[in-house]
J.: 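Please see the structure below; I have some questions.
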Amino acid sequence: MKRFYLIFVMIFSIAAAGFAQIYKANAEASFYADKFHGRKTANGEIFNMYDYTAAHKTLPFNTILKVTNIANGKSVTVRVNDRGPFVQGREIDLSKAAAQKLDMIGDGTAQVSIEILQLGAETKISSVTAAKASAGEENKDAGNVPDTTAPSKAAPSSSVTEEVAVLIPQTEVEEKLRWDIQVGSFGEKANAEALAQKLLKAGFTGVVYQKAGGITRVVIRDLATDEVQPVLNRLEEKGFKDYLVKRRNQS
């Protein structure tokens with residue numbers, strides 16, 4: 001996993017510095033019961049136990065965390081989209097998929113280390129729900145709501161376009177946030193082209209070049225919030241372990 005980083009996203013000092021920050025060296029993790037599958041999370045999403053997500057009382061929504069089971073060394077990358085856990089002494093609630101990655105299903109809980117890879121934006125809904133969670137108030141709006149289907153993606157192309165890299169204003173509402181995932185940054189354009197072609201051959205779409213001064217960045221562009229974590233998981237599976245998630249300008 002990238003030694004720098006969320007994001008979702010650490011547009012603050014951690015992202016700029018380019019390394020992960022240890023948040024908790026030894027904390028207790030649990031995971032959601034199956035009954036919560038399909039219910040609304042504190043940030044308004046629909047909880048899917050097969051996604052790599054987590055609940056935390058105070059970290060901003062869309063914070064990306066690396067959680068490591070201290071007992072076996074297994075790790076998983078998750079995105080914060082809910083508040084909890086509401087059991088004394090527990091630090092984080094993981095989705096069932098994430099718990100399976102850590103091999104903690106049998107025990108139900110595990111001692112873990114938590115690294116902040118990308119810090120989420122401190123939006124109003126994030127702050128309000130964090131305050132309630134800290135006071136011990138659970139999400140009262142949980143319940144089944146209609147699901148949506150993500151639009152299909154076009155087949156990969158062998159060509160890569162160039163675009164200007166820009167940052168999104170802090171005032172952008174969370175529901176409209178879009179994200180870029182930077183997979184590499186090079187002084188030589190040829191090196192950027194080689195990485196871009198590897199990404200395309202691996203089946204990734206939306207691959208573009210972003211130029212900043214003499215640097216060419218290879219980026220997977222314009223992702224919705226709920227698309228970020230699946231793409232990060234695919235990058236990890238394909239061996240692309242150095243990446244940076246950034247908020248994208250909507251204009």
J.: Please tell me if the side chains of V78 and V67 come closer than 4.5 Å, counting only heavy atoms from C-beta onward.
T.: yes
J.: Between R83 and F61, is NZ or CZ placed under 6.0 angstrom from the six-membered ring centre and within 45° of the ring axis?
T.: yes
J.: Pick out which of R221, Q210, R217 makes a side-chain hydrogen bond (donor to acceptor under 3.5 Å, both in side chains) with D180.
T.: Q210
J.: State, yes or no, whether a side-chain contact exists between T129 and I125 at a heavy-atom distance under 4.5 Å.
T.: yes
J.: When you compare the side chain of E91 with that of K24, does any pair of heavy atoms fall below 4.5 Å?
T.: yes
J.: Donor-acceptor check, side chain of T41 to backbone of N81, threshold 3.5 angstrom: yes or no?
T.: yes
J.: Do Y243 and L200 land in one hydrophobic cluster if side-chain heavy atoms of ILVMFWY residues count as linked below 4.5 Å?
T.: yes
J.: A side-chain contact here means heavy atoms from C-beta on lying under 4.5 Å apart; do V219 and V183 qualify?
T.: no
J.: Does the side chain of K74 reach to within under 4.5 Å of the side chain of K101, using non-hydrogen atoms?
T.: no
J.: Please find the pair of heavy atoms, one from I105 and one from A99, that lie closest to each other, and give the distance.
T.: CD1-CB, 3.6 Å
J.: Do E45 and K40 pass the salt bridge (charged side-chain N to carboxylate O under 4.0 Å, His left out) test, and can you show the C-alpha distance, the side-chain angles, and the key distance before you say yes or no?
T.: CA-CA 6 Å; E45 297 179 6; K40 187 186 294 184; over 6 Å; no
J.: Between N69 and Q111, do the side chains contain an N or O donor and an N or O acceptor separated by less than 3.5 Å?
T.: no
J.: Looking only at heavy atoms, which two atoms of D51 and A97 are closest? And how far apart?
T.: O-CB, 3.8 Å
J.: Would you please name every residue forming a side-chain hydrogen bond (donor to acceptor under 3.5 Å, both in side chains) with S185, sequence neighbours left out?
T.: none
J.: Indicate the atoms forming the closest heavy-atom contact of A29 with M104, along with that distance.
T.: O-CE, 3.5 Å
J.: Within the 3.5 Å criterion, strictly below it, is a donor on E193 or Y209 matched to an acceptor on the partner's side chain?
T.: no
J.: For the residue pair T205 and I220, what are the closest heavy atoms and their distance?
T.: O-CG2, 3.5 Å
J.: Determine whether D82 and Y32 make a side-chain contact, defined as any pair of heavy atoms from C-beta on separated by less than 4.5 Å.
T.: yes
J.: Under 3.5 Å, is there a donor-acceptor pair linking the side chains of T77 and Q229?
T.: no
J.: Identify the heavy atoms of P60 and L119 that sit nearest to each other, and give their distance.
T.: CD-CD1, 3.9 Å
J.: Using modelled atom types only, decide if a donor and an acceptor are shared between the side chain of R178 and the backbone of D222 within a distance under 3.5 Å.
T.: yes
J.: Any donor-acceptor pair under 3.5 Å linking the side chain of T63 with the backbone of L59?
T.: no
J.: Does the gap between the ring centers of H37 and Y50 come in under 6.0 Å?
T.: yes
J.: Would you verify whether the NZ or CZ of R79 falls within 45 degrees of the ring axis of Y52 while also being under 6.0 Å from that six-membered ring's centre?
T.: no
J.: Between N43 and S126, is a side-chain contact (heavy atoms from CB on, under 4.5 Å) present by the stated rule, with each step listed?
T.: CA-CA 7 Å; N43 75 343; S126 185; over 6 Å; no
J.: Say whether D93 and S30, considering side chains only, have a donor N or O and an acceptor N or O under 3.5 Å apart.
T.: yes
J.: Measure the shortest side-chain to side-chain distance between I46 and R39 over non-hydrogen atoms and say whether it is less than 4.5 angstrom.
T.: no
J.: Report yes or no: does E227 contribute a side-chain atom to a donor-acceptor pair with the main-chain N or O of A224 at less than 3.5 Å?
T.: yes
J.: When clusters are formed by joining ILVMFWY residues with side-chain heavy atoms under 4.5 Å apart, either directly or through shared neighbours, do L235 and F186 land in the same one?
T.: yes
J.: Check the pair L65 / I92 against side-chain contact (heavy atoms from CB on, under 4.5 Å), numbers first and verdict last.
T.: CA-CA 11 Å; L65 302 172; I92 191 169; 3.8 Å; yes
J.: Would you name the heavy atoms of S75 and T68 that are closest together and state the gap between them?
T.: OG-OG1, 2.7 Å
